[in-house]
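Report on the following structure.
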Amino acid sequence: MNLQMKYLIISFLITVILGLIVIPILKKLKIGQVVRDDGPESHLQKSGTPTMGGIIMLVTIVVMSMALYFIYPQYTHILPIALITLGFGIIGFIDDFKKLVLKDPKGLLPRYKMLGLLIVAVVFTVYLQYGLHLGTDIQIPFLKNYITLPIYLYIPFAVIVILACTNSLNLTDGLDGLATGITILIMTFFTIVSVLYNNLEMSLFSSIVAGSCIGFLLFNLKPAKVFMGDTGSLALGGAFCAVALYLKMPFILIIVAGICVLEALSVIIQVIYFKKTGNRFFKMSPLHHHFELSGYSEWKVVWMFWIATIILCLIGFFAI
């Protein structure tokens with residue numbers, strides 16, 4: 001784990017340095033968070049906090065991945081993983097840029113946003129099969145074996161996993177430090193698992209992402225000095241989805257990212273229930289807002305969800 005720790009620390013330091021440079025620039029450009037009027041009242045004070053800070057982590061991840069490739073040219077598989085992270089980050093950046101810089105409240109229209117995410121997901125999934133020839137076998141949690149899907153089922157399945165997870169992390173990014181902390185835990189999990197499976201490339205990439213998130217968390221803890229925006233949440237979601245698919249562990253990902261899954265389900269349940277009954281199932285969705293409106297402080301909700309993720313990661317270890 002010495003090499004993994006080295007890259008984690010370097011990524012952490014680069015992110016901290018970039019944060020000290022980029023955050024004042026975002027403030028100067030007045031690229032601030034727009035808070036929903038119908039959200040928790042306590043969030044109104046967040047209005048104007050610099051956002052689009054995910055670019056700090058994205059730059060660190062891409063630069064460190066490229067450096068790793070040039071130092072170890074045999075690690076050719078790390079570039080596609082970094083590129084899907086960059087691809088999702090660019091789509092998030094376009095959305096953030098339109099909303100926050102061009103002052104277009106609609107941002108990137110949902111259909112174009114989903115189309116962009118779909119293209120990146122399909123290209124990556126096809127490359128896994130026809131470029132890297134990884135095969136279509138998937139590990140089944142707890143059973144200690146694998147199933148092999150036909151290629152015509154694997155590709156749509158993998159694409160759905162990527163789209164679902166990236167969007168679910170995007171929904172989770174609603175409290176100071178919440179999505180950042182959860183990503184740290186998930187990527188730490190995949191770092192350890194990759195070491196156990198003797199996959200040095202994925203362990204190093206996962207440690208790079210974890211290190212950049214730890215650095216970003218210094219600025220993102222309550223009271224947050226910067227938010228990651230879609231630039232960060234889509235990029236990070238793409239990163240851990242890519243690693244999970246490379247390791248043939250999409251079902252394991254569903255376990256360890258269980259909080260993100262619950263956040264997405266809470267939105268779906270809320271919409272369906274409201275359309276059927278005219279009432280709300282939750283006080284507010286995503287789920288973290290329901291807990292806030294139930295009397296829990298923002299910091300307590302963040303800690304609850306972090307602890308839950310730690311428990312889910314431990315379950316994930318028993319499942320592999």
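Computed from a predicted model, the values in this text were never measured in an experiment.
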remark   = Closest non-hydrogen contact found for V302 with D176 is CG2-O, 3.5 Å
Short side-chain to backbone donor-acceptor contact, S266 and E263, under 3.5 Å = yes
task = May I ask you to test the Q270-R280 pair for a side-chain heavy-atom distance under 4.5 Å?
result = yes
request  = Establish, yes or no, whether a centroid distance under 6.0 Å links the rings of F157 and F251.
outcome  = yes
request  = Verify the neighbour count for atom NZ of K248: are there more than 12 heavy atoms of other residues, nucleotides or ligands below 6.0 Å?
outcome  = yes
ask   = Short question: side chain of Q139, backbone of I320 - any donor-acceptor pair under 3.5 Å?
value = no
request  = Indicate the atoms forming the closest heavy-atom contact of H289 with G174, along with that distance.
outcome  = CE1-O, 4.2 Å
request  = Would you check if the side chain of D96 reaches a backbone N or O of T231 as a donor-acceptor pair within less than 3.5 Å?
outcome  = yes
ask   = For the atom pair CD1 (I119) and CD1 (I91), what is the distance rounded to the nearest 0.5 Å?
value = 7.5 Å
key: Test of ring centre spacing under 6.0 Å for Y7 and F205   = no
inquiry  = Counting only heavy atoms from other residues, nucleotides and ligands, does the tally under 6.0 Å from CH2 of W303 exceed 12?
reply    = no
query = Roughly how far apart are L253 CG and I186 CD1, rounded to 0.5 Å?
reply = 6.5 Å
remark   = Per ring-ring contact (aromatic ring centres under 6.0 Å, His included), Y72 is matched among Y75, Y69, F70 by Y75
task = Could you tell me which non-hydrogen atom of T183 sits nearest to which non-hydrogen atom of C213, and how far apart they are?
result = CG2-SG, 3.7 Å
Gap between atom CD1 of I155 and atom CG of L149 - 0.5 Å precision = 11.0 Å
inquiry  = Once side-chain contact (heavy atoms from CB on, under 4.5 Å) is applied, do any residues pair with N279, and if so which ones, sequence neighbours excluded?
reply    = Y273, T277
ask   = How many angstroms lie between CD1 in I214 and OG1 in T188, if you round to the nearest 0.5 Å?
value = 6.0 Å
key: Minimum-distance pair of heavy atoms, taken over all atoms of G135 and Q129   = O-NE2, 2.9 Å
key: For V243 against S206, the heavy-atom pair lying closest together   = CG1-OG, 3.8 Å
message = For I252 versus A319, what's the shortest heavy-atom pair and its separation?
response = CD1-CB, 3.8 Å
request  = Assess the pair F291 and F305: is the distance between their ring centroids shorter than 6.0 Å?
outcome  = yes
query = Just by modelled atom types, is the L217 backbone N or O under 3.5 Å from a matching donor or acceptor in the T180 side chain?
reply = no
inquiry  = Ignoring hydrogens and geometry beyond distance, is a side-chain donor-acceptor pair present between S233 and N170 at under 3.5 Å?
reply    = yes
message = Treating H290 as the side-chain partner and K283 as the backbone partner, does any N or O pair qualify as donor plus acceptor under 3.5 Å?
response = yes
